[in-house]
Amino acid sequence: FVSINSYGSATYSNAVRARDIFYDEHPEYKDMKIRLVDSLSYSAVYGYPVIRAAQMVEQGVSADEIEKYLLDIFSRAEVYLACYTLKYCKRSGRISTMTAFAGELLGFKPIIYLGGDTTKTVAKVRGDANVVAKLADVVCERMTPDAEYCVFGARLPEKRDELAKLLTKRLGKPPVPYEFTLGGAVASNAGPDSVVVAIYK
């Protein structure tokens, strides 16, 4: 079982509790290993590794190797998100009303790093037209030669596509070949008008 980030949800701890209760109530299954993996992330950031894990199952890869792969890739993931509006961050309490007001007034758009228990603004850009280029700059600075990456968005597929095209040109390789949509947990906090890049370094 692969859960959403344990720092943002009780899903992982509930799964641990459920597994322990199951073993207590069914000692005859004590030799059956129930594997629980905390993705430390959200949405397609852990969706892509889960797709790969499913493909590994079909290829006959052992459960031990699949678990090792998942733990490894989640430990290497970095996520960068660009918001086109601050109203959702304000509503969810991620930023103060005053900060959101000033940011909207000046036209600032934040580039945010998400990982584990950390959320921080790593860059700011002024104006909608510059968001994709700035996010691409941040991603290119953080990429390593062998890293895979995913690009996804929600209500702005044209921005996702623009970002994927720009990164393909600058990095010399395309993102993984899946069209991901921003999940509800992230969209409700950052807004559906966000674009995101996940890097697996």
Side-chain angles (χ1 to χ4, degrees), residues 4-5 7-9 39-48 76-145 147-201:
I4 193 169
N5 190 344
Y7 291 100
S9 168
S39 73
L40 300 173
S41 199
Y42 303 92
S43 197
V45 180
Y46 73 94
Y48 169 63
R76 294 185 283 109
E78 292 185 9
V79 185
Y80 297 93
L81 176 146
C83 301
Y84 278 87
T85 177
L86 299 176
K87 68 180 181 181
Y88 296 93
C89 294
K90 179 183 73 176
R91 285 181 190 166
S92 67
R94 301 291 186 221
I95 61 173
S96 70
T97 301
M98 187 58 73
T99 300
F101 175 75
E104 294 283 10
L105 190 66
L106 297 170
F108 283 123
K109 315 297 179 186
I111 308 293
I112 300 168
Y113 166 81
L114 302 169
D117 63 346
T118 304
T119 303
K120 64 181 178 182
T121 300
V122 295
K124 292 176 187 169
V125 61
R126 198 164 189 176
D128 288 1
N130 301 314
V131 170
V132 166
K134 185 61 179 178
L135 180 54
D137 287 344
V138 170
V139 169
C140 289
E141 287 172 10
R142 297 299 302 156
M143 280 291 284
T144 52
E148 293 181 292
Y149 69 99
C150 294
V151 176
F152 49 109
R155 205 159 55 184
L156 300 173
E158 69 281 1
K159 294 297 183 184
R160 178 197 63 209
D161 295 345
E162 180 187 347
L163 179 59
K165 189 178 291 186
L166 180 58
L167 286 171
T168 298
K169 182 179 179 182
R170 291 186 60 180
L171 296 170
K173 61 181 176 182
V176 299
Y178 298 99
E179 280 197 10
F180 291 115
T181 301
L182 195 62
V186 177
S188 64
N189 285 282
D193 297 339
S194 300
V195 286
V196 184
V197 179
I199 306 170
Y200 305 99
K201 299 177 74 175

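Keep in mind that this is a model prediction, so the values were computed, not measured.
Side-chain atoms of Pro175 and Phe152, non-hydrogen and from C-beta on, never get closer than 4.5 Å to each other. Looking at Lys120 and Val122, their side chains come closer than 4.5 Å, going by heavy atoms from C-beta outward. Counting only heavy atoms from C-beta outward, the side chains of Val45 and Cys150 never approach each other to under 4.5 Å. A 4.5 Å side-chain heavy-atom check between Val197 and Leu167 finds at least one atom pair inside the cut-off. Put simply, the side chain of Leu40 reaches to within 4.5 Å of the side chain of Tyr7, judged on heavy atoms. At a threshold of 4.5 Å between non-hydrogen side-chain atoms, the residues Ile111 and Leu81 do not count as touching. Within the 4.5 Å cutoff, the side chain of Cys83 has heavy atoms near those of the Ile112 side chain.
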Between Leu171 and Tyr149, is the side-chain contact (heavy atoms from CB on, under 4.5 Å) condition met? List the steps. CA-CA 10 Å; Leu171 296 170; Tyr149 69 99; 3.7 Å; yes

Passes side chain to side chain donor-acceptor pair (under 3.5 Å), Glu148 versus Tyr48? Steps please. CA-CA 11 Å; Glu148 293 181 292; Tyr48 169 63; 2.7 Å; yes

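Ser39 places a side-chain N or O within 3.5 Å of a backbone atom of Ser41 that can act as its donor or acceptor partner. When atom types are taken as modelled, the side chain of Thr168 and the backbone of Ala164 share a donor-acceptor pair closer than 3.5 angstrom. At least one donor-acceptor pair under 3.5 Å links the side chain of Arg76 to the backbone N or O of Lys201. Checked by atom type and distance alone, the side chain of Lys109 pairs as donor or acceptor with a backbone atom of Tyr84 at under 3.5 Å.
Rounded to the nearest 0.5 angstrom, Asp128 CG and Leu156 CG are separated by 9.0 Å. Atom-to-atom distance recorded for Lys124:NZ and Asn130:CG is 15.5 Å, nearest 0.5 angstrom. Interatomic distance, OH of Tyr200 versus CD of Glu78, reported as 12.0 Å (0.5 Å rounding).
Of all heavy-atom pairs spanning Leu166 and Ala133, the tightest one is CD2-CA, 4.0 Å. What you find for Thr181 and Ser43 is that their closest heavy atoms are O-OG, 3.6 Å. Nearest approach of Gly8 to Tyr42, heavy atoms of both residues: CA-OH, 3.4 Å. Contact record, Ser194 with Leu182: CB-CD2, 4.0 Å, taken as the closest heavy-atom pair. Nearest heavy-atom pair across Met143 and Ile199 is SD-CG2, 3.4 Å.
Electrostatic pairing of Asp137 and Arg170 counts as a salt bridge here, judged by a charged N lying under 4.0 Å from a carboxylate O. Salt-bridge check for Lys165 with Glu162: failed, with every basic side-chain N at 4.0 Å or more from each acidic carboxylate O.
Partners of Tyr113 according to the ring-ring contact (aromatic ring centres under 6.0 Å, His included) rule, which considers only residues two or more places apart in sequence or in another chain, are Tyr80.
Atom NZ of Lys173 sits in a crowded spot, with more than 12 heavy atoms from other residues, nucleotides or ligands closer than 6.0 Å.
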